[in-house]
Each structure stands twice: as structure tokens, then as C-alpha cells.
Number of protein chains: 2
Amino acid sequence: MMIKRNTIQRSLVLEAVNKLKCHATADEVYQMVAQEHPTISKGTVYRNLHQLAESGEIRKIEVPGSADRFDHRCHDHYHVRCTKCGKVFDVNMDYIADLEKKIRDTHGFEFTGHDLVFRGLCPDCRKESSSI
Amino acid sequence: MMIKRNTIQRSLVLEAVNKLKCHATADEVYQMVAQEHPTISKGTVYRNLHQLAESGEIRKIEVPGSADRFDHRCHDHYHVRCTKCGKVFDVNMDYIADLEKKIRDTHGFEFTGHDLVFRGLCPDCRKESSSI
DNA sequence: TCCTTAATAGCAATGTTTACTAATTAGAAG
DNA sequence: CTTCTAATTAGTAAACATTGCTATTAAGGA
């Protein structure tokens, strides 16, 4: 029986995520793939991103207040989102691998990981808001 | 000079957030206010929720993958989102108030808080995936 | 080569939120 | 109390990210 097919679309999506390094949005992936394969549809990009994330080939990072991000298998790390301009950056901070252990009552949940996103003002927006 | 007006709409929105306790979505607030004041528009609810959040009278909680939540003054806390069904629940865990201090290089950022969302499988979805 | 069905392109539809504009109205000033 | 004016509103449209639908295409086993 066959369960999964290797399509050009899927390999192009994976390739694009790798090229774009970390925290690419689905739309950025779509834009990049569309340069080589203009007929690809957004639905296909979304479907493959989720499949690749589920199979562990890429990582999905959910950022509150903005679009989901997709990373290659770079090390686990955290993010900041500027509350003004919405841009997302990496944060230079150790990953807390055992954060799930601090949960007191799991209520039957099975924890598999966590997303930590800081809120803040990026340097550019700080400048703007102080000069105005 | 006047900078801010006290409108019935704003006080109704604040009242609704208080009544609904924690995790009310903008739409839930709208539904509640509309019962007393049917002509209110969603735009007004959104604008007032953001204004109230900015002035500190309520708190805005951004949850990836679902609508923003608005809380009265309940304590800071974290969330889990089931990776299968998408539902969001509270996590029983101490709030780490000084998490921002663990950041090594701020790169000029001004940090104001953080959102921590765990990933996991809720009890219902665990049952389903084990029985299939 | 044929056959099955997973995967696709294209588009419609969803849900959440923001943007726009003419009409309304809270609150200051006279 | 009346007038003035700009903050706020209702209503609607549009932006945005994402999912759903369906006829068509094509991967890969037989």
C-alpha cells in the first residue's frame, strides 16, 4: 500500500523552508516556491507545511497575534514579537527543556512541547515612539 | 481639552468582560453587550477592548491558533492548546515573573511580558487516538 | 502499461480583525 | 442652557490567515 507520495511541490516547500532559515511564514514560503513553480496553490503550501511539521521534518512555531512560522530543524529557541510593528525576532536565551515538569496538575494532558513568545518594542519602534 | 470620553458602549464592554470572567473572546463580549444594546457594532467592541487593555483596566491574552482573549484582573497564567482539536485550556503552573531577566542579549529590545503556550494532547483526543 | 487514489490547482468560504466614512454625541466653553 | 467640535459611534467593506471543496492530475504499485 502507499501512504505518502513524494511530489515536487512537497520537496519545493521543504527546500524553501530550509533556504529561508528560521521563522518563515506560510506566505513567505509560498512566494519563494512560486518563483520556481508558479502554478502552486496556497492550499498546497499549507497542507505540505503541516504534513512536514507532523512528520518532524520541519517545526511549526505558533506566534500569537501573527501568522504561524515554520523553521528548519534549527535548535529550539524562543522569540520576541514587537507589539508595534509585528516583526518577529529570535531571543538569545537558553531553552528550558524541562519546563513541562513545572506543571502541577496535568488534568490528563499529554504535553509535547511549548512556545514562548516575549512581547516587546523593537529598537526601531522605540526610536520612533520617543522622537514623536 | 478632552482626550477620552465615557460612553455607554465602553462601560458596557468593560462590564461584560467583568461578568464573563476570564478568557472571553471579542465575539463573546459582543454577544453579551448586544443583549442590552443591540445596535452596538463589532468595531466598537474591538476598539474599546483594545483601549481598555492599553489603559490597564483589562488584560489582553493572545492565543496562537484562536481568537484573542480578554480577562478582567485575574492572575497571569499560561495555556495549553491541544494540537489535535485546537481547544485552549489553562495550565496549573506558577507564573514566572522574571523570565525576561534570563534573556542574555536584548539587542535593544524593550521587553514588556511574555506568552507561554504549551503544546499537547487533551484527554479526549488521547482517548480517540489510542482507541483507533 | 494500467489502475487506484493521494495529492494537486483553483477558488470559495471561514473566522478574526482592521479600515473607512458619514452620522452622532460627550463634554468643554461661552 | 446653548453652541461648538472633535472623539466616538454604527455600519459596512476589506484585509488577513487559514481551511474546505471539487474536478483534475499524477505517483507509484501491480
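Chain letters run A, B, ... following the sequence lines, proteins first, then strands; residues in each count from 1. Quick note: numbers below take in every heavy atom, side chains included, and nothing from hydrogens, waters or symmetry partners.
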Find the distance [X]:[atom1] to [N]:[atom2] and express it as a whole number of Å.
X	N	atom1	atom2	answer
I40(A)	dA7(C)	CD1	C1'	11 Å
I8(A)	dG28(D)	CD1	P	11 Å
N6(B)	dT8(D)	CG	C1'	12 Å
L12(A)	dA7(C)	CG	P	16 Å
D68(A)	dT16(C)	CG	C1'	14 Å
Q9(B)	dT24(C)	CD	P	14 Å
E62(B)	dC16(D)	CD	P	17 Å
K42(A)	dG20(D)	NZ	C1'	16 Å

Any side-chain heavy-atom pair of [X] and [Y] under 4.5 Å:
X	Y	result
I58(A)	L49(A)	yes
H79(B)	H23(B)	yes
L99(A)	I96(B)	yes

Exercise. Is E62(B) salt-bridged to R81(A), going by a charged N under 4.0 Å from an acidic O?
Worked result: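 Yes, E62(B) and R81(A) are salt-bridged.
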Exercise. Using a cut-off of less than 4.0 Å, is there contact between a side-chain N or O of T7(B) and OP1 or OP2 of dT8(D)?
Worked result: no
Exercise. Do side-chain atoms of R59(B) reach the backbone of D76(B) as a donor and acceptor pair under 3.5 angstrom?
Worked result: no
Problem set entry | Nucleotide nearest A67(A) when distance is taken to its side chain, options dT8(D), dA17(D), dT9(D) | dA17(D)
Exercise. Between dT18(D), dA9(C), dT17(C), which one does the side chain of A26(A) approach most closely?
Worked result: dT18(D)
For this session: Please list residues of residues 46-56 of chain B whose heavy atoms come under 4.0 Å from any atom in DNA chain C, ordered by number; otherwise none.
Result: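 Nucleic-acid contacts, sorted: Y46(B), H50(B).
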For this session: Enumerate the residue pairs fulfilling ring pair (Phe, Tyr, Trp, His ring centres under 6.0 Å) with a member in residues 85-105 of chain A, sequence neighbours excluded, ordered by first and then second residue.
Result: Y78(A)-Y95(A), F89(A)-F109(B), Y95(A)-H114(A)
Problem set entry | Quiz item: R5(A) side-chain donor-acceptor pair to dA7(C) base, under 3.5 Å |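 Under the 3.5 Å cut-off, the side chain and the base do not form any donor-acceptor pair.
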Exercise. Ignoring hydrogens and angles, are the base of dA27(D) and the side chain of R10(A) linked by a donor-acceptor pair under 3.5 Å?
Worked result: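 Check fails, no donor-acceptor contact within cut-off.
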Exercise. Of D27(B) and T44(A), whose closest DNA chain C nucleotide lies nearer the 5' terminus?
Worked result: T44(A)
Exercise. Taking a hydrophobic cluster as the set of Ile, Leu, Val, Met, Phe, Trp and Tyr residues connected by side-chain heavy atoms closer than 4.5 Å, whether directly or through intermediates, do V33(A) and Y30(A) fall within one such cluster?
Worked result: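 As far as the 4.5 Å side-chain criterion goes, Y30(A) and V33(A) are connected within one cluster.
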Seminar exercise, completed: Comparing nearest nucleotides in DNA chain D, the 5'-proximal residue of the pair T39(B), F70(A) is T39(B)
